[in-house]
Amino acid sequence: MNGGVLERVEAYGKHLFYWWEGSLVLHVHLGLYGRFQNHRSPPPDPRGAVRLRVIGSQHAFDLNGPAACEVMQPADRDRIAARLGQDPLRKDADPDVAWDRIRRSRTAIGTLLLNQSVIAGVGNVFRSDVLHALKIHPERPGQSLDRTQFDQLWQTLQRMLRTGVKYNRIVTADPVEVGKTPGRMRREERLLVYKKHSCHNCGQAIDSWKLGARTIYACQRCQT
DNA sequence: AAGAATGTTATGTA
DNA sequence: CTACATAACATTCT
């Protein structure tokens with residue numbers, strides 16, 4: 001990559017693609033614990049699993065512990081993109097494609113939301129919180145949602161994901177209700193149900209169980 | 001210091 | 001073909 005020109009950076013779901021002059025693509029997926037860390041130049045000695053280090057005259061950054069950090073061809077990128085579902089943040093997203101998938105499925109909506117080939121970009125925090133925001137029970141089959149609910153789901157995800165990009169952190173709670181800007185909200189104030197103990201609507205204890213191989217959080221009274 | 005975690009993929013089963 | 005449980009992978013944090 002030394003001396004190359006970065007032409008553009010593309011996000012598709014949780015995948016990042018850095019397009020370099022000369023048809024090389026750097027593919028990055030942060031996975032569970034990947035992290036970008038900024039430094040001033042010159043950067044300190046690498047700490048932990050540094051897979052990529054970029055050094056400029058003023059600034060530098062490391063990429064620590066990503067699930068993927070590899071150079072590939074555009075065709076490889078296309079293969080990855082082809083197995084992803086619609087990404088609510090992308091201009092080319094077609095919600096009807098996602099709706100078609102969900103309306104035909106007997107699988108729980110909580111499981112569908114984690115399936116990156118249905119909707120790309122939603123993770124374990126967003127799936128719990130978006131379902132709580134819409135008062136939809138995670139075990140409801142995709143089939144049981146109506147179009148209005150799906151539209152709300154799509155819209156709310158768009159809003160939540162955009163907020164995440166803007167503030168570089170997950171903020172699913174309503175800042176107006178909390179009375180703070182998203183940037184100033186404390187960790188516990190930012191989320192709706194994920195890892196919470198009681199429901200902020202009704203006060204009932206939040207339930208958590210395994211759904212789709214991960215822990216989901218929901219209010220059994222509010223979410224039906 | 002064992003275990004959970006803001007995740008994905010491969011594999012086996014039904 | 002779909003659905004889905006499970007394991008494997010790999011790093012960080014508590």
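The figures here come from the full heavy-atom set of this structure, side chains too, leaving out hydrogens, waters and symmetry mates. The chains referred to below are lettered A, B, ... by the order of the sequence lines, with proteins before strands, and numbering in each begins at 1. None of these values were measured; they are calculated from a predicted model.
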### Whole-Å gap separating C1' (B:dT8) and CG (A:N124)
13 Å

### Task
Determine: side-chain N/O of A:R106 to OP1/OP2 of C:dA3, distance under 4.0 Å, yes or no.
no

Below 3.5 Å, can you tabulate the donor-acceptor pairs from side chains in residues 107-115 of chain A to any protein atom, sequence neighbours excluded?
from   : atom 1 : to     : atom 2 : distance (Å)
A:T107 : OG1    : A:S105 : OG     : 3.3
A:N115 : OD1    : A:S117 : N      : 2.9
A:N115 : OD1    : A:S117 : OG     : 2.9

### Proximity to the side chain of A:S105 - top-ranked nucleotide from C:dA3, B:dT9, B:dA5
C:dA3

### Query
Based on Watson-Crick and G-U pairs with both distances under 3.5 Å, what dot-bracket line describes DNA chain C 5' to 3', crossing pairs as [ ] and inter-strand pairs as |?
.||||||||.||||

### Query
To the nearest Å, how far apart are A:Q116 CD and B:dA10 P?
15 Å

### Task
Please determine, for the side chain of A:K195, which listed nucleotide (B:dT9, B:dA5, B:dG7) has the closest atom?
B:dA5

### Message
Cation-pi check for A:F150 against A:R103: NZ or CZ below 6.0 Å from the six-membered ring centre and within 45 degrees of the axis, yes or no?
### Response
no

#### Entry: Ring centre gap for A:H15 and A:H27 strictly below 6.0 Å
yes

### Task
Scan A:R104 against the nucleic acid and name what it touches under 4.0 Å (heavy atoms): base, sugar-phosphate only, or nothing.
nothing

#### Entry: Interatomic distance where CG belongs to A:N115 and P belongs to C:dC4 [whole Å]
10 Å

### Query
Under a single-linkage definition using a 4.5 Å side-chain heavy-atom cutoff for Ile, Leu, Val, Met, Phe, Trp and Tyr, are A:V9 and A:L26 assigned to the same hydrophobic cluster?
yes

### Pair of N/O donor and acceptor under 3.5 Å linking B:dA5 base with A:Y33 side chain
no

### Message
Can you measure A:Q143 atom CD to C:dA3 atom P for me and round it to whole angstrom units?
### Response
9 Å

### Message
Closest approach to the side chain of A:T107, judged atom by atom: which nucleotide of B:dA5, C:dA3, C:dT12 is it?
### Response
C:dA3

### Electrostatic pair A:D129:A:R190 at N-O distance under 4.0 angstrom
no

### Task
Tell me what A:A68 touches on the nucleic acid: a base, only sugar-phosphate, or nothing, going by heavy atoms under 4.0 Å.
nothing

### Task
Write down the distance between CG (A:L114) and C1' (B:dG7), rounded to a whole number of angstrom.
9 Å

### Length of the CZ-C1' vector between A:R103 and C:dT2, whole Å
18 Å

### Task
Would you kindly give the CG-to-P distance between A:L32 and C:dA7, to the nearest whole Å?
17 Å

### Query
If we only count heavy atoms from C-beta on, is the A:W209 to A:E139 side-chain gap below 4.5 Å?
yes

### Message
Heavy atoms from C-beta onward define the side chain here; which of B:dT9, B:dA5, C:dT12 lies closest to that of A:N64?
### Response
C:dT12

#### Entry: Nucleotide of C:dT12, B:dT9, B:dT8 approaching A:A49 most closely (side-chain heavy atoms)
C:dT12

### Summary
A:L63 atom CG is separated from C:dA10 atom C1', nearest whole Å, by 14 Å

#### Entry: Stepwise side chain to side chain contact (heavy atoms under 4.5 Å, CB included) test for A:L89 and A:R162
CA-CA 7 Å; A:L89 289 185; A:R162 268 194 214 115; 3.6 Å; yes

### Message
Students often get this wrong, so: under 4.0 angstrom with heavy atoms, is A:R35 touching a base, only sugar-phosphate, or nothing?
### Response
nothing

